[in-house]
Amino acid sequence: MKIFLIAAALAVPAAPALAQRSVKISYRAGALATAEGRQALHRRVNRAVVHVCGDDRATGSMLSNPAVRACHRQAAAAARPQVDRAIALANRGVEIASRDR
């Protein structure tokens, strides 16, 4: 099982300073060789982003918090290279396995 981190600087006004939070996301490299596995990883990343940054809508409100939205963008952008690398490595493993057959 592999693990990577989602991290973001929280820029929400309630935070005393720019707090750094991170979440570890585990995944099985073999699962990333399928579309379903990649979709599951993307869902986990999205849930981790919300966990790190919070929900961008206040309870009972239709308005979103711009600082939280910015945190979502930052956290997702920070995770993207890690996700892309994990998927690329998994796909390379599938290509190698298919060549050996």
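Keep in mind it's a predicted model, so treat the numbers as computed, not measured.
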- Item | Least distance between heavy atoms, A90 atom then L32 atom | CB-CB, 3.6 Å

- Item | Main-chain N/O of S26 paired with R44 side-chain donor or acceptor, under 3.5 Å | yes

- Query: Could you give the distance from CZ (R69) to CZ (R73), rounded to the nearest 0.5 Å?
  - Reply: 6.5 Å

- Query: Which distance, rounded to the nearest 0.5 Å, do you find between the CZ of R38 and the OH of Y27?
  - Reply: 13.5 Å

- Heavy-atom pair of closest approach, residues A76 and V49: N-CG2, 4.0 Å

- Item | Closest non-hydrogen atom pair, V68 against C53 | CG1-O, 3.7 Å

- Got Q39 and R43 here, is their nearest side-chain heavy-atom distance under 4.5 Å? yes

- Partner residues of R85 under the side-chain hydrogen bond (donor to acceptor under 3.5 Å, both in side chains) criterion, sequence neighbours left out: none

- Query: Between I25 and I87, is there a shared hydrophobic cluster once you connect ILVMFWY residues whose side-chain heavy atoms come closer than 4.5 Å?
  - Reply: yes

- Message: Keeping H42 on the side-chain end and V83 on the backbone end, is there a donor-acceptor pair under 3.5 Å?
- Response: no

